[in-house]
Trainee: 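Structure below; questions to follow.
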Amino acid sequence: MKTMICAIVAASAGLASAAVYSDASGDLFDNSFAHLDITSVELTNDADWLYITVNTAGDLDAVNWGKYGVGIDNGSGGGDNSNAWGRNIDWGRNITHWTASWADDGGTGVGGEVYEYNAGWNLLGATWAGDSNIAGDDSMHASGTQKWQILLSDLGVGIGDTIYFDVITTGGGGGDPGVDHLSRSDLATTDWSVQSLSGDFSAYTIVPAPGAIALMGLGGLVATRRRR
Ligand SMILES: [Ca+2]
Ligand SMILES: [Ca+2]
């Protein structure tokens, strides 16, 4: 029995199973931009990091200009209806944080930045600066997936807190809209020159590290047995 418990805890260590948010495919004004067509987004966390996975319909190794951003409202009541990259997006609400990434060097790398809003957008960290509070992963570019991670502490949240978010894809121009929004399964914009508009934001609640869940579960098991 002891051996079995150890096995359960070991199997549960690491990341919680991801929360998956689906988007329609083919919902762009120009569906030839498959690398900008979000099919789903996965979020998960451990004790320190929020892990962001954006799955697209394209091949990120085949293009060199994809940008992937997340507007986040940490629930504090602050923020602004804008973003730190000057993208032409109406969130329909305020966001407190903006994190965005790129896969624009033919798939051999990934970069990103994270910002918070405090009477203006302040850069908290960037891969190009060698900062330790953001990191990217290009290992799944060929299958259309962009992955990066940011610190929960930079978002001002911890276990049990809920963040509200939308994920967008965009191009390299400062005034480009969100070409695809996770929050909409219809067109978020009709052209590069037209502002995109979010639908309802999704919610994600920061979960305890899986090891802690397993231990709590075992505690409950023991308690149940004792009652019997
Ligand atoms: Ca899509
Ligand atoms: Ca969409």
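Bear in mind that the values here come from a model prediction, so they are computed numbers and not experimental data. Both ligands and their constituent atoms are indexed starting at 1 by order of listing.
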Trainee: Are any N, O or S atoms from Ala57 nearer to the Ca ion (ligand 1) than 3.0 Å?
Mentor: no

Trainee: For a distance under 3.0 Å, tell me if Gly26 has an N/O/S atom near the Ca ion (ligand 1).
Mentor: no

Trainee: May I have the angle between Asp37 OD1 and Ala24 O with its vertex at the Ca ion (ligand 1), rounded to 10°?
Mentor: 100°

Trainee: Donor-acceptor pair, distance only, cut-off 3.5 Å: does the side chain of Ser40 make one with the backbone of Ser22?
Mentor: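 Here the side-chain-to-backbone pair does not exist.
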
Trainee: Vertex the Ca ion (ligand 1): angle to OD2 of Asp180 and OD1 of Asp27, to 10°?
Mentor: 90°

Trainee: Between Arg184 and Ala24, is there a donor-acceptor pair closer than 3.5 Å when you use the side chain of the first and the backbone of the second?
Mentor: no

Trainee: Sub-3.5 Å donor-acceptor pair from the side chain of Thr169 to the main-chain atoms of Lys67, do we have one?
Mentor: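 No; judged by distance alone, with no hydrogens or angles, the pair does not exist.
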
Trainee: To the nearest 10°, what's the angle at the Ca ion (ligand 1) between atoms O (Ile38) and OD2 (Asp23)?
Mentor: 80°

Trainee: Where the side chain of Asp176 meets the backbone of Trp192, is there a donor-acceptor pair that is under 3.5 Å apart?
Mentor: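 Answer holds: no.
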
Trainee: Taking just the N, O or S atoms of His181, which one is nearest to the Ca ion (ligand 2)?
Mentor: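 Closest N, O or S atom of His181 to the Ca ion (ligand 2): O.
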
Trainee: Relative to the ring of Trp91, is the ring of His181 parallel (under 30°), tilted (30 to 60°) or perpendicular (over 60°)?
Mentor: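 Aromatic pair His181/Trp91 classed tilted.
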
